[in-house]
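Everything numeric here is computed off the predicted structure, so don't read it as measured data. In what follows, chains carry the letters A, B, and so on, assigned in the order in which the sequence lines appear, proteins first and then strands, with residues in each chain numbered from 1. Just the heavy atoms: all of them, side chains too, but no hydrogens, waters or symmetry mates, feed the values below.
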Amino acid sequence: MPETLNSASLGKPRVRFAPSPTGFLHVGSARTFIFNWLYARRMGGTMILRLDDTDVERNTDASVNSIFEGLKWLELDWDEEYKQSERGELHRRMADTIFQKGLAYRDFTPAHTGDSERSGAQGTWLFNPGMRELSREESDRRASAGEPFALRFRVPREGGQMIRFTDAVYGEQMKAGADIEDFALLRSDGMPTYHLASCADDADLRISDIIRGQDHLSNTYKHVLLFEAAGFTPPQFAHLPLLVAPDGTKLSKRRHGPIVSVTTYRDAGFLPEAFINFLCLLGWSPKNDREQMSRQELIDAFSLEGINRANAVVNFKEPDVGPTNVGRALLPANSLPEEAFDAKAVWLNAEHIRSLPIEELSQRLLPIVREAGFNVAPEKMLRITPLIRERIKLLRDVLTAADFFFVDRLPPYDPSELIPQKGDAAMAKKVLEKARAVLANVEFKHDPLDQALRAAAQEFGIKAGQMFQPIRVAVCGRKNAPPLFETLEVLGRETTLARIEQAISRIL
RNA sequence: GGCGCUAUCGUCUAGGGGUUAGGACGGAAGAUUCUCAAUCUUCAAACCCGGGUUCGAUUCCCGGUAGCGCUACCA
């Protein structure tokens with residue numbers, strides 16, 4: 001009696017994310033994990049992490065670390081974990097089962113090094129007739145003589161047989177067996193291939209739903225064949241549209257650089273929940289115009305029906321060697337400018353930042369500030385946070401938005417900035433001297449500061465803005481900054497007066 | 001080359017035999033404001049092409065085109 005994978009009796013789905021550790025965790029993989037995870041959490045199922053490390057040549061520990069690092073940042077968890085390389089016995093057993101049923105055969109053709117020599121005259125290689133028809137006796141004889149061979153699946157290609165399956169996203173799929181090549185199960189060194197290992201593990205782990213990239217859609221026919229040959233009912237499949245670069249090509253580190261690596265987003269100051277939110281909106285829609293969603297809201301809204309079929313562009317800017325922007329010096333050397341990221345990701349991040357409670361945002365900001373070398377007390381950070389919350393899009397923007405709160409002495413700025421609109425140096429000086437006098441006595445709280453400074457403006461017969469700008473530049477070192485009174489309040493009298501003093505001396 | 005998948009504003013998408021084809025990001029303009037941001041208002045911006053089917057197709061069917069995927073003893 002065939003074992004059932006998607007046994008309805010259990011009800012709870014079992015899904016897996018099965019990356020091959022041959023590179024860093026990239027955004028497409030992360031999204032695949034997220035969709036699996038969302039589905040598992042939504043349905044009360046089980047999330048499995050399986051490292052598909054059968055390609056010993058290309059696997060690296062660095063890659064495994066990158067995957068864990070990325071998932072850790074995203075605060076994504078899983079219930080079971082496996083390493084494919086430790087399950088070789090299971091894979092070989094499945095290969096043997098299939099071979100014993102006569103559904104696979106040994107191919108003694110030496111592994112090819114060139115690319116086209118085995119391609120048939122028609123262009124597509126499907127199988128080696130000589131090997132496929134080799135008698136079992138002959139095959140056994142050569143095998144026991146120690147001749148190396150690859151084990152190939154004997155794809156049913158006669159009689160116009162069709163292979164079919166239903167994809168939860170792409171619907172009914174079918175393909176003629178005659179169009180599928182006799183793919184390898186075992187390499188000549190005895191190692192299982194991806195197809196074999198993957199199916200053997202999916203069967204053994206009782207995976208109920210395989211949610212993966214659409215690049216596997218046409219591999220699925222092979223997998224269906226494999227499951228059935230081994231006596232299993234194939235699981236449910238759901239293929240995800242691919243994430244592609246603005247030029248339409250698939251994301252790759254070679255071509256597109258760090259922008260495709262998950263850790264780049266972490267280092268740029270994305271909130272994990274915002275990044276997840278962004279990824280979810282690529283190729284999936286809750287269909288109710290919702291955009292900003294929390295982790296829980298995503299879980300509640302997720303369904304396979306909402307998955308789109310067309311590839312989605314991650315609309316990042318190709319790295320260019322344009323002029324560096326202001327404040328860049330404070331950022332880590334290898335970090336990307338904000339404009340490099342998909343604008344929607346940045347916007348979503350800003351939205352998530354704005355909806356974070358001040359206390360929490362402050363806590364997330366503090367390590368970044370500290371790492372940049374500023375020793376700021378948590379209490380001070382808590383007072384600064386509300387002043388910049390609406391002004392930062394990425395967490396690291398705290399370094400450029402609130403820099404003047406952190407430093408003891410302001411870095412040099414252009415003194416002409418001190419001159420107010422429709423004013424001159426004399427006005428700037430007058431304003432600053434007045435401010436020095438007023439601020440020496442007024443209570444450093446919003447309202448008293450507001451009243452005192454406005455009164456001073458009135459006394460001079462100038463606009464409030466003309467009064468405030470010189471002061472703002474004097475204390476912040478630039479024109480664009482948080483509201484003045486709140487800023488002064490946090491900065492305190494001592495720092496404020498020192499900076500105004502400095503400004504006065506510079507304006508001459 | 002073969003096989004397959006896909007096609008709505010620049011981008012992410014909703015929709016669907018009859019709609020002013022909706023939302024969001026980004027862009028533009030304006031309002032507000034002590035600057036910047038945030039916020040609010042407004043504007044520009046799309047159904048790949050050609051045939052069918054139909055009273056009527058952006059929607060359904062076929063073809064084309066384009067993009068992508070698979071076509072390895074990679075995954």
**Report entry** Among rC34(B), rU71(B), rU39(B), the one nearest E351(A) by side-chain distance
**Finding:** rU39(B)
Query - R454(A) side chain near rC34(B) phosphate (N/O to OP1/OP2, under 4.0 Å) - result: yes
Query raised in the report: Of D182(A) and D289(A), whose closest RNA chain B nucleotide lies nearer the 5' terminus?
Result: D289(A)
Query raised in the report: Starting at CZ of R354(A) and ending at P of rC25(B), how long is that distance when rounded to a whole Å?
Result: 10 Å
Query raised in the report: Out of rC73(B), rC34(B), rA14(B), which has the shortest distance to the side chain of R152(A)?
Result: rC73(B)
Report summary line: From the candidates rU71(B), rC12(B), rC25(B), the one with an atom nearest any side-chain atom of L281(A) is rC12(B)
Query raised in the report: Is it true that D204(A) and R87(A) make a salt bridge, defined as a side-chain N closer than 4.0 Å to a carboxylate O?
Result: yes
Query - Atom-to-atom span, CG of N277(A) to P of rA24(B) - whole angstrom - result: 16 Å
Report summary line: Taken to the nearest whole Å, CZ/F468(A) to P/rC36(B) is 14 Å
Query raised in the report: Between atom NE2 in H239(A) and atom C1' in rU6(B), what is the gap in whole Å?
Result: 15 Å
Report task. Could you tell me whether R290(A) and E297(A) have a side-chain N and a carboxylate O separated by less than 4.0 Å? Result -> yes
Report summary line: N308(A) atom CG is separated from rC12(B) atom P, nearest whole Å, by 9 Å
**Report entry** Check: S188(A) side chain, rC73(B) base, donor-acceptor under 3.5 Å
**Finding:** yes
Query raised in the report: Of the nucleotides rC73(B), rC68(B), rG26(B), which one has an atom closest to the side chain of L242(A)?
Result: rC68(B)
Query raised in the report: For rC48(B), what is the paired nucleotide under Watson-Crick or G-U wobble rules, both distances under 3.5 Å?
Result: rG64(B)
Requested in this report: Can you tell me the distance, in whole Å, between the CZ atom of R212(A) and the P atom of rG69(B)?
Outcome: 16 Å
Query - Check: R309(A) side chain, rC5(B) base, donor-acceptor under 3.5 Å - result: no
Query raised in the report: Which whole number of Å gives the distance between the P atom of rC43(B) and that of rA7(B)?
Result: 30 Å
Query raised in the report: Between rG26(B), rU13(B), rA24(B), which one does the side chain of K344(A) approach most closely?
Result: rA24(B)
Query raised in the report: Rounding to the closest angstrom, what is the interatomic distance between rG64(B) and rC70(B) at atom P?
Result: 23 Å
Report summary line: Checking N1-N3 plus N6-O4 or O6-N4 for Watson-Crick, or N1-O2 and O6-N3 for wobble, each under 3.5 Å, the partner of rC3(B) is rG69(B)
Query raised in the report: Given atom CZ of F108(A) and atom C1' of rC73(B), what is their separation to the nearest angstrom?
Result: 14 Å
Query raised in the report: Taking atom C1' in both rC49(B) and rA57(B), what distance in whole Å separates the two?
Result: 15 Å
Requested in this report: Name the orientation class of the two ring planes belonging to F468(A) and F485(A) (parallel below 30°, tilted from 30 to 60°, perpendicular beyond 60°).
Outcome: perpendicular
Query raised in the report: Thinking salt bridges, do K344(A) and E291(A) make one under a 4.0 Å N-O criterion?
Result: yes
Report task. Please determine if R152(A) forms a cation-pi arrangement with Y105(A), meaning its NZ or CZ atom is less than 6.0 Å from the six-membered ring centre and no more than 45° off the ring axis. Result -> no
Query raised in the report: For W125(A) and rU71(B), what is the distance between atoms CH2 and P respectively, to the nearest whole Å?
Result: 12 Å
Report task. Look through every strand shown and name the nucleotide pairing with rG27(B) as Watson-Crick or G-U wobble, where both distances are under 3.5 Å. Result -> rC43(B)
Report task. Kindly point out which of rG69(B), rC73(B), rC12(B) is positioned nearest to the side chain of T193(A)? Result -> rC73(B)
**Report entry** rU33(B) to rU19(B) separation - C1' atoms, rounded to the nearest Å
**Finding:** 40 Å
Report summary line: Closest to the side chain of E390(A), out of rU6(B), rA38(B), rU11(B), is rA38(B)
Query raised in the report: Which nucleotide in the set rA24(B), rU35(B), rU6(B) lies at the smallest distance from any side-chain heavy atom of A310(A)?
Result: rU6(B)
Query raised in the report: Who is the Watson-Crick or G-U wobble partner of rU35(B), with both distances under 3.5 Å?
Result: none
Query - Identity of whatever pairs with rG18(B) - Watson-Crick or G-U, under 3.5 angstrom - result: rC55(B)
Report summary line: Among the nucleotides rU71(B), rC25(B), rU11(B), whichever has the atom closest to the side chain of V313(A) is rU11(B)
Query - Whole-Å C1' distance, rC34(B) and rA46(B) - result: 42 Å
Report summary line: Walking RNA chain B from its 5' end, the first of F149(A) and N480(A) to be reached, judged by nearest nucleotide, is N480(A)
Query raised in the report: Can you tell which of T54(A), N59(A), D53(A) makes a side-chain hydrogen bond (donor to acceptor under 3.5 Å, both in side chains) with S85(A)?
Result: D53(A)
Query raised in the report: Just by distance, do the side chain of T220(A) and the backbone of L217(A) share a donor-acceptor pair under 3.5 Å?
Result: yes
Query raised in the report: Counting side-chain heavy atoms from CB outward, which of rC70(B), rC73(B), rG23(B) is closest to D215(A)?
Result: rC70(B)
